[in-house]
Amino acid sequence: MLFMTLLLATGALRLVGAGDRGAIAGTATPNVAGTWEGTWSHRQGSGQITLRLAQEGTTVTGRQSVVAVTPLFGAQRGRRRGQITLGQEVRDGRIEDSTLIFHVQALDLPSRQVNFTLTVSGETMTGTVCAETCGTMKLQKSNL
């Protein structure tokens with residue numbers, strides 16, 4: 001009887017311990033709602049960017065401020081002297097763990113979009129902006 005009680009108690013402790021590990025491993029979805037300001041950089045240029053984001057759960061919507069860039073991120077770079085027009089609307093925005101993923105339309109590029117992948121860490125986001133080639137981004141949450 002004592003052996004059976006110890007066995008059941010040990011099993012119960014293992015279940016409680018396993019439940020605690022699951023709770024510790026899970027993290028809250030970061031809140032990216034608000035205004036983020038920063039820079040993008042590529043080996044051939046750089047510029048300023050502002051993101052104005054709204055969030056519901058893991059879904060992110062909003063607008064970005066860069067509407068035209070010289071052809072740095074795509075195959076058009078060597079073939080054309082004009083600019084690439086970027087859409088302002090954040091499309092298919094989502095948070096996966098601590099990563100914000102979205103794209104904006106870029107009809108002048110073969111891929112028809114520019115992809116953003118940003119890691120959220122408190123009041124800072126860093127990551128990449130890619131079409132046919134990639135650049136980096138760093139943004140800080142604005143207090144405005």
Side-chain angles (χ1 to χ4, degrees), residues 5-144:
T5 304
L6 286 173
L7 187 61
L8 289 173
T10 302
L13 287 173
R14 285 185 184 167
L15 287 174
V16 169
D20 287 344
R21 278 194 301 273
I24 293 169
T27 58
T29 301
N31 182 1
V32 297
T35 301
W36 298 77
E37 297 175 329
T39 58
W40 61 267
S41 179
H42 187 271
R43 67 179 177 259
Q44 296 180 8
S46 62
Q48 301 290 315
I49 186 167
T50 300
L51 300 177
R52 288 181 174 73
L53 303 174
Q55 180 177 349
E56 186 172 320
T58 59
T59 301
V60 177
T61 58
R63 297 178 72 75
Q64 64 88 28
S65 67
V66 178
V67 293
V69 293
T70 52
L72 296 175
F73 294 108
Q76 302 279 346
R77 180 175 61 238
R79 294 187 292 206
R80 172 173 168 220
R81 296 238 183 254
Q83 291 189 327
I84 296 171
T85 302
L86 301 179
Q88 291 183 307
E89 181 185 350
V90 167
R91 294 174 172 248
D92 301 320
R94 66 189 184 281
I95 297 274
E96 293 180 1
D97 296 321
S98 62
T99 303
L100 170 61
I101 300 167
F102 67 92
H103 70 268
V104 298
Q105 219 173 26
L107 298 179
D108 301 321
L109 295 175
S111 65
R112 316 281 288 171
Q113 66 186 31
V114 175
N115 302 305
F116 295 76
T117 305
L118 302 165
T119 300
V120 182
S121 179
E123 302 288 304
T124 303
M125 284 196 274
T126 57
T128 59
V129 53
C130 300
E132 278 72 34
T133 64
C134 295
T136 59
M137 290 183 64
K138 183 172 184 175
L139 297 114
Q140 186 74 31
K141 194 162 192 180
S142 174
N143 293 326
L144 297 177

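As the structure is a computational prediction, the values presented were derived from the model and not from experiment.
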What distance separates [X] [atom1] from [Y] [atom2], expressed to the nearest 0.5 Å?
| X | Y | atom1 | atom2 | value |
| --- | --- | --- | --- | --- |
| M125 | Q140 | CE | CD | 10.0 Å |
| W36 | I49 | CH2 | CD1 | 13.0 Å |
| Q105 | T85 | CD | OG1 | 10.5 Å |
| T124 | K138 | OG1 | NZ | 6.0 Å |
| N115 | H103 | CG | NE2 | 7.0 Å |
| E37 | R52 | CD | CZ | 7.0 Å |

With the side chain counted from C-beta on, respond yes when [X] and [Y] share a heavy-atom pair under 4.5 Å apart, and no when they do not.
| X | Y | answer |
| --- | --- | --- |
| V104 | V66 | no |
| Q64 | V114 | no |
| T39 | S46 | no |
| F102 | V60 | no |

TODO: Identify the two heavy atoms, one from A131 and one from S111, that lie closest to each other, and give their separation to 0.1 Å.
DONE: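 Where A131 meets S111 most closely, the heavy atoms are CB-OG, 4.3 Å.
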
- [ ] Taking all non-hydrogen atoms of both residues into account, name the closest pair between I95 and P30 and its distance.
- [x]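 Shortest heavy-atom contact: CG2-CD, 3.8 Å.
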
- [ ] Step by step, work out the side-chain contact (heavy atoms from CB on, under 4.5 Å) result for T117 and T99.
- [x] CA-CA 7 Å; T117 305; T99 303; 3.7 Å; yes

- [ ] Any chance you could lay out the side-chain contact (heavy atoms from CB on, under 4.5 Å) test for L51 and L118, step after step, and finish with the verdict?
- [x] CA-CA 12 Å; L51 300 177; L118 302 165; 4.2 Å; yes

Sidechain-backbone polar pair: [X] side chain, [Y] backbone, donor-acceptor under 3.5 Å:
| X | Y | answer |
| --- | --- | --- |
| R63 | E89 | no |
| Q55 | G57 | yes |
| Q48 | S65 | no |

TODO: Kindly check if the number of other-residue, nucleotide or ligand heavy atoms within 6.0 Å of CG (N31) is above 12?
DONE: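 Atom CG in N31 is crowded, with more than 12 foreign heavy atoms closer than 6.0 Å.
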
